[in-house]
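Presented below is the structure to which this report refers.
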Amino acid sequence: MENKNQKYFEINKDTWNKKVSVHIKSDFYDVDGFKKGKTSLNAVELEELGNVKGKTLLHLQCHFGQDTLSWSRLGAKCTGIDISNEGIKNAKLLNDALGLDAIFIESNLYDVPKNVKGKFDIVFASYGVIGWLPNLQTWGEIIAEKLNNGGVFYLIEFHPIVWMFDYLQTPPKLIYPYQNSEVIYEEYKGTYTNKDADIISKEYGWNHGLGEVVSALAAAGLHIEFLREFEKSPYNILPEMEETADGMFVQKENLFPLLYSIKATKAL
Ligand SMILES: C[S@@+](CC[C@H](N)C(=O)[O-])C[C@H]1O[C@@H](n2cnc3c(N)ncnc32)[C@H](O)[C@@H]1O
């Protein structure tokens with residue numbers, strides 16, 4: 001089923017390769033601060049995933065590796081995968097510059113069974129990953145397959161309601177379905193770290209509702225420990241958000257959640 005999406009994957013890969021060169025120099029990713037020891041992880045995932053010391057961790061869609069390497073600094077034995085060869089190249093450079101021991105592999109999510117050996121104590125993915133995947137059933141099966149017995153899958157992600165808006169219009173307009181099997185195409189100048197960057201982002205994506213995400217994990221045999229929804233986001237993802245004292249962002253009207261997290265386990 002993934003074959004018919006190959007064209008979309010290629011275009012997304014090209015866009016992400018271009019984004020990496022902008023992101024790596026951005027204030028948003030603050031690579032200098034990161035190199036000096038600042039974690040790129042947020043309080044919510046640090047608290048909810050808990051102690052990773054001595055555990056093997058597979059990071060799906062790791063971008064240029066900062067979160068992967070943040071888990072490495074906390075003592076996890078990490079492997080990061082991403083479709084973007086530029087992302088993986090820079091992740092390896094960052095790993096070497098910091099003298100860490102993470103492994104980075106260029107791979108489409110759907111090719112993980114072919115490209116990544118072994119099983120892991122933890123499979124992790126975060127912020128902006130689900131929407132690049134046409135098929136969640138296979139996604140769930142891959143996660144279950146890559147977990148050791150007793151292993152944990154943890155996801156922290158933007159809420160599907162957030163993806164229903166077109167932010168290229170001001171004010172943002174509710175135009176996309178909550179869930180759909182049809183591909184959504186967007187083309188715009190810049191990227192989320194630098195709206196005026198000299199790149200054109202061409203993106204094919206898929207909206208998946210919470211039911212679909214949870215059901216894909218359950219159908220793959222995982223036990224859902226929790227599904228939580230949050231009104232605060234560490235990222236300023238919508239226009240006109242307000243910053244809170246703890247450095248998070250909220251919407252004035254607070255009408256819908258901005259994030260959700262899922263913890264699921266594989267039986268012993
Ligand atoms: C928004 S980023 C993840 C962000 C991450 N939390 C961070 O800030 O570092 C999404 C990532 O998914 C990757 N990606 C998109 N489609 C993919 C696919 N089919 N397989 C693997 N990675 C993919 C992109 O290259 C990108 O690095």
Side-chain angles (χ1 to χ4, degrees), residues 1-31 33-34 38-42 44-46 49 57-72 78-92 94-95 102 104-116 123-136 138-139 142-143 146 154-158 162-163 183-186 190-194 199 201-206 208 233-237 259-261:
M1 113 113 239
E2 262 61 64
N3 283 347
K4 79 174 163 68
N5 295 315
Q6 214 50 48
K7 179 185 95 183
Y8 303 141
F9 291 144
E10 285 304 318
I11 289 166
N12 288 344
K13 175 176 178 168
D14 188 55
T15 288
W16 278 103
N17 277 341
K18 290 181 181 137
K19 286 188 188 208
V20 168
S21 61
V22 177
H23 290 184
I24 209 141
K25 292 185 224 126
S26 68
D27 292 343
F28 181 98
Y29 280 101
D30 185 18
V31 173
F34 179 74
K38 201 176 115 191
T39 183
S40 61
L41 297 166
N42 300 295
V44 59
E45 57 262 28
L46 284 165
L49 187 51
L57 184 152
L58 174 62
H59 182 183
L60 302 175
Q61 300 171 249
C62 67
H63 200 22
F64 64 90
Q66 282 192 321
D67 286 2
T68 326
L69 296 170
S70 293
W71 292 120
S72 295
C78 294
T79 301
I81 74 97
D82 199 280
I83 199 170
S84 157
N85 49 297
E86 282 302 314
I88 292 301
K89 185 180 89 186
N90 282 285
K92 286 180 178 170
L94 210 44
N95 177 70
F104 289 98
I105 299 169
E106 177 189 334
S107 177
N108 190 320
L109 179 281
Y110 294 103
D111 295 329
V112 161
K114 192 173 73 192
N115 294 335
V116 180
V123 175
F124 169 81
S126 73
Y127 302 105
V129 285
I130 292 290
W132 303 103
L133 306 176
N135 178 342
L136 290 195
T138 310
W139 169 80
I142 291 170
I143 291 164
K146 295 318 282 180
Y154 179 78
L155 170 72
I156 175 91
E157 179 57 291
F158 299 115
V162 171
W163 300 119
V183 70
I184 294 169
Y185 180 68
E186 282 184 297
T191 170
Y192 55 89
T193 65
N194 301 74
I199 61 169
S201 290
K202 297 182 178 184
E203 304 182 342
Y204 287 93
W206 294 265
H208 301 285
S233 163
Y235 305 113
N236 192 359
I237 43 170
L259 302 179
Y260 68 98
S261 65

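As the structure lists them, so they are numbered: ligands from 1, and atoms in each ligand from 1. Remember, it's a predicted structure, so these values are computed and weren't measured experimentally.
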Protein contact to [atom] [nearest heavy atom, distance to 0.1 Å]:
{"atom": "atom 2 (S) of ligand 1", "value": "Trp16 CH2, 3.5 Å"}
{"atom": "atom 4 (C) of ligand 1", "value": "Tyr127 O, 3.4 Å"}
{"atom": "atom 5 (C) of ligand 1", "value": "Ser126 O, 3.9 Å"}
{"atom": "atom 13 (C) of ligand 1", "value": "Asp82 OD2, 3.3 Å"}
{"atom": "atom 16 (N) of ligand 1", "value": "Trp132 CB, 3.4 Å"}
{"atom": "atom 10 (C) of ligand 1", "value": "Gly128 O, 3.3 Å"}

Close N or O approach ([X], ligand 1; < 3.5 Å):
{"X": "Leu109", "value": "yes"}
{"X": "His63", "value": "yes"}
{"X": "Tyr110", "value": "no"}

[X] heavy atom under 4.0 Å from ligand 1:
{"X": "Gly65", "answer": "no"}
{"X": "Asn12", "answer": "no"}
{"X": "Gly87", "answer": "no"}

Is any side-chain heavy atom of Tyr110 closer than 4.5 Å to a side-chain heavy atom of Pro134?
yes
Looking at side-chain heavy atoms only, is the closest gap between Ile130 and Trp163 below 4.5 Å?
no
Measure from atom 22 (N) of ligand 1 to every heavy atom in Val112, Ile83, Asn108 and give the option owning the shortest one.
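Considering heavy atoms of Val112, Ile83, Asn108, the nearest to atom 22 (N) of ligand 1 sits in Ile83.
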Which part of Ser40 is near ligand 1, with near meaning a heavy atom under 4.0 Å away: side chain, backbone, both or neither?
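Ser40 to ligand 1: no contact under 4.0 Å from either part.
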Side chain, backbone, both or neither: which part of Tyr29 comes within less than 4.0 Å of ligand 1 when only heavy atoms are counted?
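The side chain, only.
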Step through it carefully: locate the ring centre of Tyr192, locate the ring centre of Phe28, and say whether they are under 6.0 Å apart.
yes
Using side-chain contact (heavy atoms from CB on, under 4.5 Å), reason through Ile142 and Leu60 one step at a time and then give a plain yes or no.
CA-CA 11 Å; Ile142 291 170; Leu60 302 175; 5.7 Å; no
Against Lys92, only a single residue in Asn95, Leu94, Ile88 fulfils side-chain contact (heavy atoms from CB on, under 4.5 Å); can you say which?
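Only one option passes, and that is Ile88.
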Candidate list Phe9, Trp16, Tyr204, Tyr8, test ring-ring contact (aromatic ring centres under 6.0 Å, His included), partner Trp132, passing option
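Going through the options one by one, the only one that passes is Trp16.
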Short side-chain donor-acceptor distance under 3.5 Å, Thr191 and Ser201
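Thr191 and Ser201 do not have a side-chain donor-acceptor pair below 3.5 Å.
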Would Lys13 and Glu106 pass as an ion pair if we require N to O under 4.0 Å?
yes
Using 0.5 Å steps for rounding, measure from the CZ atom of Phe34 to the OG atom of Ser70.
4.0 Å
In this structure, CD of Glu10 is separated from NZ of Lys202 (nearest 0.5 Å) by 14.0 Å
One finds that the ligand 1 atoms under 4.0 Å from a non-hydrogen atom of Ser84 are 25 (O)
